[in-house]
Amino acid sequence: MPHFRTYDDAELHYRVLGPADSPLPPVVCLAGGPGRDAAYLGDLGGMAAHRQLIIPDSRGTGASPAADDPSRYAFPQLAEDLEALRAHLGLERFALLAHNAGAAVAQAYAAGRPQRLTRLVLVCPGSRLQGELPDDAREIFESRAHEEWWPEASVAVQQLMEASDLSEVRDLLFAAAPLGYGRWEEAQRAHAAAEGAQLGPVPRAGFWQGVDEQTRLALLAGLRAVDCPVLVVTGDRDAVCGMRAGELVAASFPDARVRPLHEVGHYPWVDEPELFAPVVEEFLHTG
C-alpha cells in the first residue's frame, strides 16, 4: 500500500483505484464518519472505471497509524495531512471530493489553499462548520415511518445517545442504518454491515476538538476566496444530514451549485451508482 510522510513525519497510507493510463486527471477522495475507514467509499459508484481515485486513510483509520498527539485528529490538522499528500503526489492543482464529515476537512483545505483546487465536490455534507444544524434530517426520517425497518431503527437511534459499550454501539448502528439509505435492499445491507468495524472511536472523538468559534469563523471567511467551482450533492432521503445542510454549505462559496438526487440517502453511490457517478463526472468535465 503506498504511503507518504506528513508534516510531523507520520507515515500515512492511501489507495489508488483506477487505470494508471487514464487521460483524465485523478480525484483525491476523503472519507467521512468522522474517523471511518475509507473502504466504505468503494469505487464511488464506478468512478474508478475511467480515472484514478486517490483515497487516503486518515490518521487512526485503515492502514494509517494512530496519532501520537490527539490534536492531530482535528479536521483542520487533517487538512494539513491532505496538503502533504498533494505534495507527495506532485499535483500542482487537483480535484477534491469529500463525503459527510470529510467535507469539513475539504472546506478547511479550500479555505487555506484555494489556489490548489480545480474542482470541489462535497457529498451529503453536514453544516456544523456553518454554525447551523437544520432539522430536516429528522423530518426525512419520520416521513418513512411506514417502512418495515422504521420501528427498530427509531428505537436504536434513541439508544445510541446513551450507549457506551463499543459492541452495543455497533449493533445499534446497524439497527439504525436504514435511515442512511434511500432503500433497504441487499446492496445497502451489505454496505451498512461493515460500518461498525470501520469506525475509529478515538479519531471520531478528536475530529472537532480544539476548533473554537474564532477558528470556525476564520475558516468560513476563507471560503469566500475559493474561486474554483463547487458541487454539493444531497439526497432527498438522507436522514443523517438532510438536504438543507448542503444548501448552507453551498452558500458559503462564491461559485457553488447544489444537486439534489431523488430517492437517494446518505450514500448516493450505493443507492444510485448509475446516477451519482455521471453527475460527478459531468461536473468534473465542465465545472
Side-chain angles (χ1 to χ4, degrees), residues 31-34 36 40-42 44-45 97-104 106-107 121-163 169 171-196 198-199 204 230-252 256-277 279-280:
R36 187 170 177 182
Y40 84 92
L41 295 175
L44 288 169
L97 179 149
H99 174 246
N100 180 235
Q107 289 176 84
V121 181
L122 303 176
V123 182
C124 300
S127 55
R128 182 171 173 178
L129 181 62
Q130 280 65 33
E132 297 186 49
L133 298 175
D135 60 4
D136 66 316
R138 182 67 190 179
E139 295 170 4
I140 292 169
F141 182 46
E142 292 177 348
S143 74
R144 301 179 68 185
H146 62 284
E147 299 188 47
E148 62 179 2
W149 52 263
W150 196 91
E152 182 181 3
S154 182
V155 171
V157 168
Q158 296 300 317
Q159 292 177 339
L160 274 169
M161 297 178 184
E162 304 294 334
V169 168
D171 290 342
L172 291 172
L173 281 172
F174 186 72
L179 66 88
Y181 299 90
R183 54 188 179 277
W184 191 231
E185 298 175 350
E186 183 178 352
Q188 287 78 7
R189 290 171 185 267
H191 189 261
E195 180 180 8
Q198 291 172 338
L199 287 176
R204 183 181 183 86
V230 179
L231 174 67
V232 179
V233 178
T234 62
D236 66 1
R237 290 191 174 185
D238 181 0
V240 177
C241 288
M243 300 179 70
R244 293 175 192 154
E247 296 168 2
L248 290 169
V249 171
S252 300
R257 69 193 72 172
V258 180
R259 177 62 189 271
L261 302 181
H262 184 50
E263 295 188 352
V264 163
H266 193 59
Y267 307 96
W269 65 93
V270 178
D271 284 330
E272 294 290 348
E274 295 181 358
L275 174 60
F276 172 76
V279 164
V280 176

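Residues: numbered from 1 along the sequence shown. This structure is a prediction, so every number in the text was calculated from the model and none was measured.
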Quick check for you: to the nearest 0.5 Å, what is the distance between Leu261 atom CG and Met243 atom CE?
8.0 Å
What is the minimum heavy-atom distance between His262 and Asp236, and which atoms define it?
ND1-OD2, 2.7 Å
Classify the ring geometry between Tyr267 and His99 as parallel (under 30°), tilted (30 to 60°) or perpendicular (over 60°).
tilted
Can you find a heavy atom in the side chain of Asp271 that is under 4.5 Å from one in the side chain of Glu263?
no
Is there any side chain to side chain donor-acceptor pair (under 3.5 Å) pair reaching into residues 152-162, and which pairs are they, with sequence neighbours excluded?
none
Where Pro178 and Arg144 come nearest, the two heavy atoms and their spacing
O-NH1, 3.9 Å
Leu179 side, atom CG; Glu142 side, atom CD - distance, nearest 0.5 Å:
12.0 Å
Arg244 CZ to Ile140 CD1 distance, which is reported to the nearest 0.5 Å
8.0 Å
So, Glu247 and Gln130: side-chain donor and acceptor under 3.5 Å apart, yes or no?
no
Would you name the heavy atoms of Ser127 and Pro134 that are closest together and state the gap between them?
OG-CD, 3.3 Å
Can you name the closest pair of heavy atoms from Leu173 and Glu195 and give their distance?
CD2-OE2, 4.1 Å
Parallel, tilted or perpendicular for Phe276 and Trp269, by the 30°/60° rule?
tilted
So which heavy atom on Val240 is nearest to which on Gly180, and how close?
CG2-CA, 3.9 Å
Gln107 and Val249: side-chain contact (heavy atoms from CB on, under 4.5 Å), yes or no, with the steps?
CA-CA 9 Å; Gln107 289 176 84; Val249 171; 3.9 Å; yes
Ignoring hydrogens and geometry, is there a side-chain-to-backbone donor-acceptor pair from Tyr181 to Arg189 under 3.5 Å?
no
Rounded to the nearest 0.5 Å, what separates atom CG in Leu199 from atom CZ in Arg204?
5.5 Å
Working to the nearest 0.5 angstrom, can you tell me the gap between Leu122 CG and Thr234 OG1?
11.5 Å
Donor-acceptor check, side chain of Glu272 to backbone of Pro268, threshold 3.5 angstrom: yes or no?
no
dist Leu41:CG -> Leu97:CG (nearest 0.5 Å) comes out at 8.0 Å
So which atom in Cys241 and which in Cys124 form the shortest heavy-atom distance, rounded to 0.1 Å?
SG-O, 3.7 Å
Please confirm whether Trp184 and Phe174 have ring centers closer than 6.0 angstrom.
yes
